[in-house]
Number of protein chains: 2
Amino acid sequence: MTPTIARVPKATFRAQIVDGLRSAILGGELAPGAQVTESSLAEQFGVSRGPLREAMRQLIDEGLLVTVPYTGTHVVDLSVDDIREIYSMRVNLEIFAFELVWNRRDDAFRAGLHGRHAALTRCIDNQDDVASIEAELQLHGFVYEAAGHRILFRTWESIRGRLQLYWAAHHRAHGLRGPRRDGHDSYVANALGDDLEQMRAEIRSHMARGGQQTEAFLRGLAGPGAAAPSPTP
Amino acid sequence: MTPTIARVPKATFRAQIVDGLRSAILGGELAPGAQVTESSLAEQFGVSRGPLREAMRQLIDEGLLVTVPYTGTHVVDLSVDDIREIYSMRVNLEIFAFELVWNRRDDAFRAGLHGRHAALTRCIDNQDDVASIEAELQLHGFVYEAAGHRILFRTWESIRGRLQLYWAAHHRAHGLRGPRRDGHDSYVANALGDDLEQMRAEIRSHMARGGQQTEAFLRGLAGPGAAAPSPTP
DNA sequence: CCATGATTGATTGTTGACAATCGATCACCG
DNA sequence: CGGTGATCGATTGTCAACAATCAATCATGG
């Protein structure tokens, strides 16, 4: 799959900082709502403010940071509406991905899907929450990649971070989430089946399940009032 | 719709440069494939390389510039596959937008759609190509905005620039595009009609028409061989 | 007591200079 | 003549200092 000779990883500072900072946010070292200042981060990472600034701007673009000019930058604090949007968007993106890949599902695809499903199952059996989150992202990401549609994949990437952030926060608050495995057994079964329409339904119910958990969880945290039924731009 | 007191526009340099640079690319002053260096642009805009760098990075994110580290940055040169992806993505995004807005279509929505349709028709009658491109983007953008889904709207924004870049290049090479008006008459009619499924079909055919023109045009420019039937990531 | 305006500390925005890297060119040698 | 390594110009990457802006605080006057 990958070329035998890998390109030497000449990581620019910005790229390294993006990875490190994202890990810190997703890992919970930087809590949602926490303020992050360029100076302090620059010192922690041991670099100047220049490259760090650009890294922060990328994370702002990914929706993990929010900034207001001349004032400050904070780790994003996801609202109920945010999660609702993420899940409703995922329904459309993932159905599109399966439409693209459906008639091109080959042995490599089936093997890749089975492998990632097995990995996810293992992580759940071991009750390794952090690993199962990563494994679930790998499973879904594999589908997006197999679709072979760069814009679609990029769009998935643009929401993946926030999805992971929510999952991580959920896990730290509630521990292991029970329904995860069952959901994916039927998910994978349908993904390798013969009925595309049934797969569409599977995705809708899969996301609806996640969405319900989400709303209950976030309502419990933030209390009512933060959610507007019809968000106006 | 908008608050009576608008926020005073204290544009940071980066924001201004983003707008100016994007206009230069979409306006054709910077041709596709042309190299853009930070130094020369910084001089032209009369600012330092810092903010200009960040502006360039945003346009890289929008897909209007491509860069390779330590080497150079160029205006993107869209391939047949790129356009194909943009149009197939638009089908899904726009159908999603109409699903969201369908049961919330009110007088403001109908008026907004009619107004933008009329504006587009006027531009076409005046054979003002640049204005019709802008008007068509306004028409579609209005739908995305009315959907009230921030992630969806942001995704639309992430492909809008490249779509406009293609349209502008097409216009400069081929002049006014005939089918544009008819397509939008039936588009608006269905958008205000009662049959959501028919609107889905309308969007699919609308995009298919644009996509066909596209492929013929780009094939003529670049010659065959650049297009791979099944793109692999 | 409330409203108003100045002050201040913190944070981001901007700048110019310096360093690292790349691609092409060219001399050199077998 | 072919290939190999050094050189060079161009471009991006990085840095540390300076400027602009903001939000909160506090004094001031009614």
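All heavy atoms count here, side chains included; hydrogens, waters and symmetry mates do not. Chain letters run A, B, ... following the sequence lines, proteins first and then strands; every chain starts at 1.
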Would B:D82 and A:R150 pass as an ion pair if we require N to O under 4.0 Å?
yes
Would you call A:R22-A:E62 a salt bridge at under 4.0 Å N-O?
yes
Against the six-membered ring of A:Y87, is A:R90 placed for a cation-pi contact (under 6.0 Å from the centre, within 45° of the normal)?
yes
Neighbour count above 12 (heavy atom, 6.0 Å) for B:E157 CD
yes
Looking just at side-chain N and O atoms, do A:Q138 and A:E134 make a donor-acceptor pair shorter than 3.5 Å?
yes
Whether each nucleotide of nucleotides 7-20 of chain C has a protein heavy atom under 4.0 Å at its base (B), only at its sugar-phosphate (S) or at neither (-) is summarised, 5' to 3', as ----BBBBBB---B
